[in-house]
J.: 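After the structure tokens below, expect a handful of questions from me.
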Amino acid sequence: MVAADKLKKISEDVWEIPTDYKPGMNVPGHIFLSDRLIEGLESGAIDQTANVATLPGIQRYSMAMPDVHIGYGFPIGGVAAFDTETGVISPGGVGFDINCGVRLLRSELMADDVKPHKVDLINALYEAVPSGLGSESKFRVNDAQLAEVFRTGARWAVENGYGVKADLEHCEENGEMKGADPAKVSKKARDRGRPQLGTLGSGNHFLEIQKVEKIYDEAVAKAFGLKEGQVTVMIHCGSRGAGHQICTDYVKTMEQASRKYGIKLYDRQLACAPLSSPEAKDYFAAMAAGANYAWANRQIISHWVREAFSKYYKRDVRMDLVYDVAHNVAKFEEHEVDGVKKALCVHRKGATRAFAPGRSEVPVAYRDVGQPVIIPGSMGSASYVLAGTQRGMELTFGSTCHGAGRVMSRSAALKDIRGNEVKRQLLERGIVVKAPKDAAIAEEAPEVYKEIDEVIAVVDGLGISKKVARLVPIAVAKG
DNA sequence: ATGTAC
């Protein structure tokens, strides 16, 4: 394929974009792909990875995970870390769905016992959690409450009866990113966010009842509380209209800031500001608020999932949170660069933090085995639980992939694929899908995504995170 | 991803 010809294979599954690929690159690009996956690599994704390398203060490499595809400015699947003194922050490096992410609940139930009830259970979940484009929540928060949600995230939800304290210990950032400032969130973003807290959204967002099909690492799986045959529930959603509006607002701010600070942009969508500037500080405070909204959202949804299971079984069904990860966020972290520890602003857009054993950010319960990494597959395919590694700290600033990665656009999928047909095929495989309309199923059909097993094989093979468990769907509720 | 528009 033509796209791959521009890249230099420097080791197994590591492809370099040399700095002479295009003018202005400060560092090379690194794309992690198998020989098979590289055949489907979009040349636009290479260009975007190279464009990110032109931004001021970028450290080591502009990186793309094996699920990379074209996004707004930065590629989805992109990881870029910036020096806090010379670097920048960019809304395009976080994405429109701020803290789109995923969490995994482990249940005490076994798949063989749950399967006969899957239709009733998925209907119950579908009823319990509003979903779809523009969907509104079953409850309302006022302005003061919304400000607390922006400031304290999942903690607001737990303190108001949605979940237990232990949930917070098992969330990235404890579900509460520091530095969030509701005053930096526009009225428009607040107005969009207020009625949507406690909703799933649409697109690739879903609620899924799963079975732990295979364990790859018994010791780590045990630490994560996972065993074969067990039922888990995965929740994939983000910050809804609130995060989207925050991004929209700050893209405009950053376009002005880029001019003001004389940053040469090779693509307008890379709009950014120096990390030391007031514009950067405002964006970070608003982005953190958006991230907290998403954590509160997943926390509230978790509570409704627990309620639905307990109501169905007419007893208290225990469902502990394994972990909750962000897929779209920028964070300040300490990393070693050329043997020196440095404070960096790490942008992960369609990428997951995957911290090694020993890092203080990893919850005490998992500190010896590494951070749990939750990777959702496409509808009808497997999902994975991995663990962060030291190799990942060295190669990717402690990052790994976030999912399968699209290969077909939504519009193309709608044209070529019939949702009810996909639904029928999944049912033949024993997987029940519940969605507001068939078109939503067509857009997310398994064939519009890369093979998740192949993507996971790359990150596991490179050692930037390691496989712990494979989960397969029993029933899916989609937005 | 997203009230598929400034």
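This structure is a prediction, so every number in the text was calculated from the model and none was measured. Every chain is numbered from 1 and lettered A, B, ... according to where its sequence line falls, protein lines coming before strand lines. Just the heavy atoms: all of them, side chains too, but no hydrogens, waters or symmetry mates, feed the values below.
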J.: Counting only heavy atoms and a strict 4.0 angstrom limit, can you tell me which residues of residues 196-203 of chain A come near DNA chain B?
T.: Gln196(A), Gly201(A), Ser202(A), Gly203(A)
J.: Can you tell whether the side chains of Glu255(A) and Lys252(A) come within less than 4.0 Å, N to carboxylate O?
T.: no
J.: Between atom OH in Tyr250(A) and atom C1' in dT2(B), what is the gap in whole Å?
T.: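 Checked: the OH to C1' distance equals 19 Å.
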J.: Only counting residues at least two apart or in another chain, list the ones meeting side-chain contact (heavy atoms from CB on, under 4.5 Å) with Arg151(A).
T.: Glu148(A), Pro182(A)
J.: Figure out the CZ/P separation between Arg410(A) and dT2(B), and round it to whole Å.
T.: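 Rounded to whole Å, this separation is 9 Å.
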J.: Rounded to whole Å, how long is the line connecting atom CZ of Arg240(A) with atom P of dT2(B)?
T.: 5 Å
J.: In whole angstroms, how far is the P atom of dT2(B) from the CD atom of Gln245(A)?
T.: 13 Å
J.: Name the nucleic acid region contacted by Lys188(A), choosing base, sugar-phosphate or nothing; use a 4.0 angstrom heavy-atom cut-off, strictly under.
T.: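 Answer is base: heavy atoms of Lys188(A) come under 4.0 Å of a base.
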J.: In whole Å, what is the span from the CG atom of Leu133(A) to the P atom of dT2(B)?
T.: 7 Å
J.: Can you check the Asp191(A) CG to dT2(B) P distance for me, whole Å?
T.: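 About 18 Å, once rounded to whole Å.
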J.: With sequence neighbours excluded, tell me which residues meet side-chain contact (heavy atoms from CB on, under 4.5 Å) with Ala273(A).
T.: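 For Ala273(A) the side-chain contact (heavy atoms from CB on, under 4.5 Å) partners, ignoring immediate neighbours, are Met254(A), Ala257(A), Ser277(A), Glu279(A), Ala280(A).
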J.: Mind calculating the distance between CG (Asp97(A)) and C1' (dT4(B)) to the nearest angstrom?
T.: 16 Å
J.: Could you tell me whether Asp320(A) and Arg106(A) have a side-chain N and a carboxylate O separated by less than 4.0 Å?
T.: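 Result for this pair is yes, salt bridge flagged.
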J.: For this output row, return yes or no: ring centroids of Tyr323(A) and His170(A) closer than 6.0 angstrom.
T.: no
J.: Indicate the ring-plane relationship of His244(A) and Phe96(A), choosing parallel, tilted or perpendicular according to the 30° and 60° boundaries.
T.: tilted
